[in-house]
Amino acid sequence: MLRFKLLVFIAAFLVISNITLAQQPSIAQKVDALMKKMTLAEKIGQLNQVNGDWEATGPVTADVGNKLEQIKRGEIGSVLNIVGVNHTRAFQDAAMHSRLKIPLLFGQDVIHGYSITFPIPLGEAASWDIPAIERSARIAGTEAAAGGVHWTFAPMVDIARDPRWGRVMEGAGEDPYLGSQIARARVKGFQGNGLGSLDAIMACAKHYAAYGAAVGGRDYNSVDMSLHTLWEVYLPPFKAAEEAGAATFMNSFNSLNGTPATASSYLQRDVLKGKWGFKGFVVSDWNSIGEMVPHGYAKDNYQAAEFALKAGNDMDMESRSYINNLAKLVADKKVSVAMIDDAVRRILTKKFEMGLFDDPYRYSNADREKSVLNRPEHVAAARDIARKSIVLLKNQGQVLPLSKNLNSIALIGPLVKSKGEMKGFWSLDVGDVSQVVSLYEGMQQAAGNTKLLYVKGCDITDTSHAGFNEAYKTAMQADVVIMAMGERSDMTGEAKSRANIHIPGVQEELIQKIMSTGKPVVVLLMAGRPMVFNWTADHVPAILYTWWLGNQAGNAIADVLYGNYNPGAKLPMTFPRTEGQIPIYYNHYSTGRPPQNDNDVNYTSAYIDLPNSPKFAFGYGLSYSTFGYSNLKLSKKSIHNNEKITVSFDLKNTGKYAGEEVAQLYLRQLVSQPVRPVKELKGFEKVMLQPGETKTITFTIDKEKLSFYNDQLVWGAQPGEFKLMIGSASDDIRLEGGFELL
Ligand code: NOJ
């Protein structure tokens, strides 16, 4: 009887709660109801995003008056550059004094960590470790959410083939396939279990689009590109981010084929919101609406606002073109209220999804901020991904890993003791910089009884050799020399393009001087981009490319130097021999006169003074171990349209150390219209192997992997022969096969 009563009770409860659920208005209904109450001015206010009280991340052009008062008047919908529960609470308070109490959205560039800084995104991309990259974004999102931030302007998913461009550090490198995997992982990481969960922040795929192809690698420069290349190379990571559910997109500063991206209806309305069905909102980049004027595209901000809104740009970051002009544009019948409504609806929907109408302060909780930031597991994860990001470029004579029984090690170079530099560009000053582990400190922890000697030798951009002799003498006293060289961390990032990407100053001369001691030398190269360092690459026996590794830099590097962690990272970008080869990338076309080798200059597409090949190729990176590839098998020699081929091969750890190898699958369609690249990454797997262990690796090739955009921009596969390549790098192919699509 009791059971029966219980069942009746549960049934009744379910019916009632379903009815209650059915009666709950949907978010769309709530947005509609709210919009009915809004004046045009209040709607326009929602589209206005202004800089907060944290560091400005762009040129501040005007004194804009009292922002808190403007918020109270409903003139501001979002604030960027504001962190911490106290600040966000104060701003949200002002919004709660506005007529309709519409909560503000707080946006921030949480690019590679919030309080705990992770490696720069290009460094993380070198890990080719998708779960680790997602975890890094998850932790950044969790910490940022606990710090009052609702929204990160990340991931940056711009493909970049030009290392002069300072912003290569923010992305995932040159490859659309790897870039798409990473874009997905980062969006998922930031957004966690979805908007509405307290530790999720909105992601923002940026900079839409083709910003990475700025002519000459000069930041903000124009882009001229075929639509075919746009679709094949530059759009895929954006599409992947959209499919992964990115809540927002940011457009870009560049013009694309003559139209500023912010004014591009093609990009924003036709492709993003049309073809891809994007339901989130688009924010401009910092004053990119206003910059239509210097572009020479709009005659003033009034016209720029018209162009931007019509093109599908929903929110105006920091140009005030919308707040100052949209009402007049409506009155002048230049833009419709319906268009404004669409933008407002998109923004309000996200505010509802974030739960901000239920509790506008839900991200601004001081206890949570205190308990979530800098958790030990965040620190451990930062160390883990940092060591996964370090690329072993050279290890002649097995200088590495270091013996634990050395008497002394000389640590030389301008970056040995740096802390702040380790964080890299686009890091936040939320965490205490004293928590950053310098190389010196990491080595102190790891070196045991080995004596550490230190001398700086020179500064990063020094032109003086004054410190060389002391450095030489110190090196002479040591068993091994480790040199920490590279760029200043602010030599990459926004507005940080370099025409000369050599190691700055006299650092490479110092390396030469130290090499003349005859001691074993390990060079650590710290930078936000591929640099040029031919002498070092040719003469120094051991080189690690460490990028900027974040808070745990010193520990991570020491882990690798001592072999407590066996490096397994692979370059996500091609390293040129010199700037003259740029743009340089592995997935180029063949041309009508392809050279047969690096010396073949006989009427071929080559330089007469330099090989075509890069210094280090995309996908390259060594391990302390070695790996053997064998036994390639394809399940079929030919397939029809909807069939699949299974490719398998054996990967064996043929060395002495347990370690990971990133096995890479490349494809080439031999004949097609239009032509296909000489090689395209279509799969990879990061595999852990014990010494002597063999694993069979399998890839599946389906029609999707064989498809591309034809010259009508239609996605599909063309029948024909394919070459299949499996290797350890794009220039180190170990197994080859072929098949035909019938
Ligand atoms: C300009 C940068 O291009 C963009 O990436 C960034 O998110 C905004 N400023 C805001 O800081």
Side-chain angles (χ1 to χ4, degrees), residues 383 386-387 390 392-395 399-423 434 436-460 462 465-489 503-527 533 536 539-565 567:
R383 181 169 180 163
R387 33 195 227 181
I390 299 173
L392 178 62
L393 291 181
K394 199 173 169 190
N395 194 19
V399 173
L400 292 173
L402 297 176
S403 154
K404 298 193 169 126
N405 302 319
L406 298 171
N407 285 324
S408 61
I409 296 175
L411 294 166
I412 299 178
L415 288 158
V416 172
K417 290 202 168 174
S418 306
K419 280 172 168 292
E421 290 295 314
M422 298 299 117
K423 293 176 73 169
S434 69
V436 176
V437 183
S438 68
L439 171 66
Y440 192 78
E441 290 164 339
M443 287 299 289
Q444 277 180 320
Q445 288 292 318
N449 292 328
T450 303
K451 194 166 156 209
L452 296 180
L453 313 171
Y454 163 70
V455 61
K456 195 171 195 180
C458 64
D459 263 318
I460 292 172
D462 254 359
H465 303 103
F468 278 29
N469 283 342
E470 196 197 345
Y472 182 89
K473 278 190 215 140
T474 310
M476 285 303 284
Q477 293 162 32
D479 297 335
V480 172
V481 184
I482 296 171
M483 304 187 72
M485 321 300 272
E487 296 184 314
R488 258 194 344 260
S489 65
I503 307 176
V506 292
Q507 293 182 76
E508 204 162 23
E509 290 176 54
L510 180 60
I511 296 172
Q512 292 175 4
K513 177 90 184 174
I514 300 302
M515 280 295 291
S516 73
T517 60
K519 300 281 177 177
V521 175
V522 180
V523 167
L524 308 173
L525 291 173
M526 305 181 173
F533 48 94
T536 301
H539 297 91
V540 174
I543 305 171
L544 289 165
Y545 215 79
T546 73
W547 320 101
W548 300 116
L549 292 172
N551 273 43
Q552 285 293 306
N555 285 334
I557 296 171
D559 285 343
V560 167
L561 288 173
Y562 278 104
N564 299 329
Y565 180 82

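All values reported here derive from a predicted model rather than from experimental measurement.
Under the 3.5 Å distance criterion, the side-chain polar atoms of Thr450 are left unmatched by any main-chain donor or acceptor of Ile409. Listed for the Lys394 side chain is no donor-acceptor partner under 3.5 Å among the backbone atoms of Ile543. Not a single donor-acceptor pair under 3.5 Å links the side chain of Gln507 to the backbone N or O of Cys458. Side chain of Glu421 to backbone of Ser489: a donor-acceptor contact under 3.5 angstrom is found. Under a 3.5 Å cut-off, the side chain of Glu470 and the backbone N or O of Gly467 do not form any donor-acceptor pair. Formation of a donor-acceptor pair under 3.5 Å by the Asn395 side chain with backbone atoms of Val399 is found in this model. With hydrogens and angles ignored, the 3.5 Å screen pairs a side-chain donor or acceptor of Lys519 with a backbone N or O of Ala478.
Here the shortest heavy-atom pairing between Leu510 and Ala471 reads CD1-CB, 4.0 Å. A pairwise comparison of heavy atoms in Ala556 and Ile390 identifies O-CD1, 3.8 Å as the closest pair. The shortest heavy-atom contact between Trp548 and Met526 is CZ3-CB, 3.5 Å. Taking all atoms of both residues into account, the shortest heavy-atom contact from Ser516 to Tyr472 is OG-CE1, 3.4 Å. Minimum interatomic distance between Glu509 and His465 (heavy atoms only, all atoms of both residues): OE1-NE2, 2.5 Å. Summarising the geometry of Ala410 relative to Thr474, their closest heavy-atom pair is CB-O, 4.0 Å, with the distance given to 0.1 Å.
Atoms NZ and CG, from Lys451 and Leu406 in turn, are 13.5 Å apart once rounded to the nearest 0.5 Å. Taken from OG1 in Thr517 to CE in Met515, the straight-line distance is 7.5 Å, to the nearest 0.5 Å. Atom OG1 of Thr546 sits about 8.5 Å away from atom CG of Leu415, to the nearest 0.5 Å. Here the CG-CE distance, from Leu524 to Met483, works out to 10.0 Å after rounding to the nearest 0.5 Å. A distance of 13.0 Å separates CE of Met476 from CG of Leu453, quoted to the nearest 0.5 Å. Atom CD1 of Ile412 sits about 10.0 Å away from atom CD1 of Ile482, to the nearest 0.5 Å.
Between Tyr545 and Phe533, the angle of the ring planes stays under 30°, which puts this pair in the parallel group of the 30/60° scheme.
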Before you tell me yes or no, could you show the steps for Val560 and Leu392 under side-chain contact (heavy atoms from CB on, under 4.5 Å), namely the whole-Å CA-CA distance, both residues' side-chain angles and the distance that decides it to 0.1 Å? CA-CA 9 Å; Val560 167; Leu392 178 62; over 6 Å; no

Can you list the steps and then say if Arg387 with Leu549 is a side-chain contact (heavy atoms from CB on, under 4.5 Å)? CA-CA 8 Å; Arg387 33 195 227 181; Leu549 292 172; over 6 Å; no

What's the verdict on side-chain contact (heavy atoms from CB on, under 4.5 Å) for Glu441 and Lys419, showing C-alpha distance, side-chain angles and the deciding distance? CA-CA 10 Å; Glu441 290 164 339; Lys419 280 172 168 292; 2.8 Å; yes

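Counting non-hydrogen atoms of other residues, nucleotides and ligands closer than 6.0 Å to CD of Gln445 gives a total of 12 or fewer. Heavy atoms of other residues, nucleotides or ligands lying less than 6.0 angstrom from NZ of Lys404 number more than 12.
Ser438 places none of its side-chain heavy atoms less than 4.5 Å from the side chain of Gln444.
Met443 pairs with exactly one of Ile557, Leu411, Val416 by the side chain to side chain contact (heavy atoms under 4.5 Å, CB included) rule, that one being Leu411. Ile503 pairs with exactly one of Leu525, Ile460, Val523 by the side chain to side chain contact (heavy atoms under 4.5 Å, CB included) rule, that one being Leu525.
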